[in-house]
Structures are given as structure tokens and as C-alpha cells.
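Below is one structure, written out as C-alpha cells, with a few remarks after it.
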Amino acid sequence: MSRLLGSLEVGPQGLGCMGMSEFYGAGDESESIAVIHRALELGVTLLDTADMYGPHVNEELVGRAIAGRRSDVVLATKFGIVREGGGGRSVRGDRAYVRSSVEGSLKRLGVDVIDLYYLHRVPADTPIEETVGAMGELVAEGKVRFLGLSEAGASTLRRAHAVHPITALQSEWSLWSRDIEAEIVPTARELGVGLVPYSPLGRGVLTGRFTSASDFGAGDFRGVAQPRFTGSNLDANLKMVEALRALAEDRGVTAGQLALAWVQHRGQDVVPIPGTKRIKYLEENVAAASLELSDADLAAIEAAVPASAVAGDRYPDMSSIGR
């Protein structure tokens, strides 16, 4: 059941830990740690975090959760997005920042080496060759085992891979986000780079658990910061969720399981990282990795949720996506 990201062996599905600390409303650390422990019991090995989640506190949470269990985990974290005062953000990839970032992550995670170290976004003002060159030094020093990029464009991925092998590309990929399929996915496969889809459940909305923006609750950025989950865009998109739910009921599964199984069927080099902070939803997600879909099933799913019909961008500012 394992899959390969480049030469890095992981379980068929990972766990995104971001929402345990921020962005999706209040979290509970003890419950989140229980989710991580249950994930490991179920054969999930790839845990994904980043230094900007919190900021910093998500790495600390993951570090506490894996204490004494390090050998069971393929640990991935990301750097490059700098949180600034007033809610602003910038992107850095200069050599000095690469080196300071990894030291902070190692300390917060409580580990000696990070298995998969991603550049979270590609900076506009630093050549990718400089950033990846500095990341490659971390591999040589034994602080990092494998390198990854997140939301990089095809040409950037190719340039980065020429400096040091890139093991994985993390990008949003779901029934609602298919823009990487035309050029980025073929480039990754040509280079032998594994694919790690984040938000494979459309930030949870493809599960069918939400019927209006008011369902997101306080502290949830979906209803305020993402165009596809606000106003008339959300109304249009929820109609597709209803169509997906009808298909799922016929199969005796949830809409979320059907949507996640669609992502799992993109290829053996694809390891999605759905996020959750509830054991119930974790177990549903893991079960989706074993759901078999025929070509007819896949076609019916894509007809229910046609990519061309999705309303609204993923982010208010898409300038750093696919750079």
C-alpha cells in the first residue's frame, strides 16, 4: 500500500496538520495529538506542517505528538512564508533565511533531521537556484533528507531540479483545483518528482458538511478570505457538492470519501494530505484510500463536479501560485 515520492517511501495518504493550530477555528491540542497518534496506528506516515502555521505553534504541536515515535513518521515541514505584523506576509528564499529557518524548525519539532523540507512559496526576488542550492547544503549536512517545493510552476520546478533533486511538489489538487494538470503534473512526472496534493477535499467543503458561509464559524478563514467560499460563488459551488453527495450515497460512502478517492486515483506517485482535527474524519479519510473506482465512476464524479464550473479563485491573491 505504500507509495513513492521520488525515492521517499510513504503511506498512500498523509495528514495535513495546519488546521490543528490555525485557520479553521479553535483547536484542541490533546485531541489533535490523539488524531496524530491514531493516524500512525492506521498506517499514515507522512505528517505535514510548516513554520508559518501558528506561526510556529503547529510545529511544536507535531513535535510533542511524535516524541518517542520518530521512527514511525516521515516528517515534512515548510519554510519561506514570513508572517508580518498586521496580518501581512512576505516570501523569502535567500540563503541566510534558509539556514535560520531550518534551525528553528528542528528545534520546535524536537528532531535532528527533517525528512522532507519544502520551500512553501517561490520568492519573486531570489533566484530559485540560490534557494535550492542552500537547501541542498542542508542535505549534505544531514539536517534534511529530501527537498520539496510548494505551488511552484513547471519551469521553476525544472530549474530547481537541475540544482538538486526535488523529491516532492506540494500543490492544491482536488476536484475543485485542477490547474496543475496541464503542465505542472507532466513536468513533475518527467523529472520523477512525487505529487502531494493539499486541500484534496476542497478545504473540507467537498465533504458536504457545510451548507452556507455561516457554517464555517468564528476564526475560520474560508468564509472571509477565500473567494470560492463567499457569496454567490459559494452558492454555485455547493450545488456541485450536492451532486457529488448523491453519487456518494449510491456507493454507500460519504461525499468526502468519493472526492478523496478521486485524488488517490490520480496515480501511484500521488500522496494527498487531507487535514483534520477529528478522529472520526481521519478514519473516514484513511478508508477512502482503499476505495476502488472504475473509469465510469471517475467520469461520473468529474461530471458532477466539472472543473470549468467552479466559481472563484483559491486565494484572494494568486500571484505567488505557480510562480
Side-chain angles (χ1 to χ4, degrees), residues 1-6 8-16 42-46 154 157 168-209 228 236-276 281-312 314 322:
M1 288 274 302
S2 64
R3 295 189 175 189
L4 287 175
L5 299 173
L8 176 60
E9 184 175 355
V10 297
Q13 186 181 114
L15 175 63
L42 293 172
V44 174
T45 59
L46 179 63
L157 178 59
L169 176 68
Q170 184 175 139
S171 299
E172 187 167 351
W173 196 6
S174 72
L175 284 166
W176 273 356
S177 301
R178 303 185 61 180
D179 48 298
I180 69 169
E181 294 178 359
E183 185 179 8
I184 295 173
V185 170
T187 300
R189 287 179 167 156
E190 176 193 335
L191 299 173
V193 177
L195 297 154
V196 179
Y198 74 86
S199 296
L201 291 168
R203 298 198 181 277
V205 181
L206 285 166
T207 64
R209 295 197 295 272
R228 70 176 45 164
N237 292 334
L238 286 176
K239 291 178 182 178
M240 287 183 281
V241 176
E242 285 302 312
L244 182 66
R245 181 155 43 189
L247 282 179
E249 288 177 357
D250 290 341
R251 289 290 303 266
V253 298
T254 68
Q257 286 177 315
L258 207 57
L260 187 51
W262 179 89
V263 179
Q264 297 275 179
H265 279 69
R266 296 303 88 195
Q268 289 299 308
D269 55 353
V270 175
V271 180
I273 49 169
T276 184
Y281 299 138
L282 167 75
E283 292 175 343
E284 286 183 6
N285 292 345
V286 171
S290 302
L291 185 60
E292 293 295 329
L293 300 177
S294 66
D295 290 343
D297 291 329
L298 294 169
I301 292 167
E302 292 172 17
V305 189
S308 60
V310 178
R314 298 195 267 135

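Scope of the values below: all heavy atoms of this structure, side chains included, with no hydrogens, waters or symmetry mates.
- I180 approaches P186 most closely through the heavy-atom pair O-CD, 4.4 Å.
- Shown here are the salt bridge (charged side-chain N to carboxylate O under 4.0 Å, His left out) partners of E183, two or more places apart in sequence or in another chain: there are none.
- Nearest approach of V263 to P272, heavy atoms of both residues: CG1-CB, 3.9 Å.
- Closest heavy-atom contact between G208 and V241: CA-CG1, 3.6 Å.
- Using a cut-off of 4.0 Å between Lys/Arg side-chain N and Asp/Glu carboxylate O, R3 and D269 are scored as not salt-bridged.
- A side-chain donor-acceptor contact under 3.5 Å links T45 to the backbone of G11.
- Y198 and R203 make their closest contact through CE1-NH2, 3.7 Å (heavy atoms, listed as atom of the first residue, atom of the second, distance).
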Donor-acceptor pairs are to be reported for all side-chain atoms of residues 296-310 against protein atoms at under 3.5 Å, with residues two or more places apart or in another chain.
residue : atom : partner : partner atom : Å
D297    : OD2  : R251    : NH1          : 3.0
D297    : OD2  : S294    : N            : 2.9
D297    : OD2  : S294    : OG           : 3.1
E302    : OE2  : W262    : NE1          : 2.8

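- Within a 6.0 Å radius of CG in D295, no more than 12 heavy atoms belonging to other residues, nucleotides or ligands are found.
- What you find for N285 and P274 is that their closest heavy atoms are ND2-CB, 3.8 Å.
- For the pair S177 and R314, the tightest heavy-atom approach, listed with the atom from each and the gap, is OG-CD, 3.3 Å.
- For R209 and T254, the side-chain atoms include no donor-acceptor pair closer than 3.5 Å.
- Between K239 and E242 there is no salt bridge, since no side-chain nitrogen of the basic residue lies less than 4.0 Å from a carboxylate oxygen of the acidic one.
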Please walk me through it: do Q170 and I273 pass side chain to side chain contact (heavy atoms under 4.5 Å, CB included)? CA-CA 9 Å; Q170 184 175 139; I273 49 169; 3.7 Å; yes

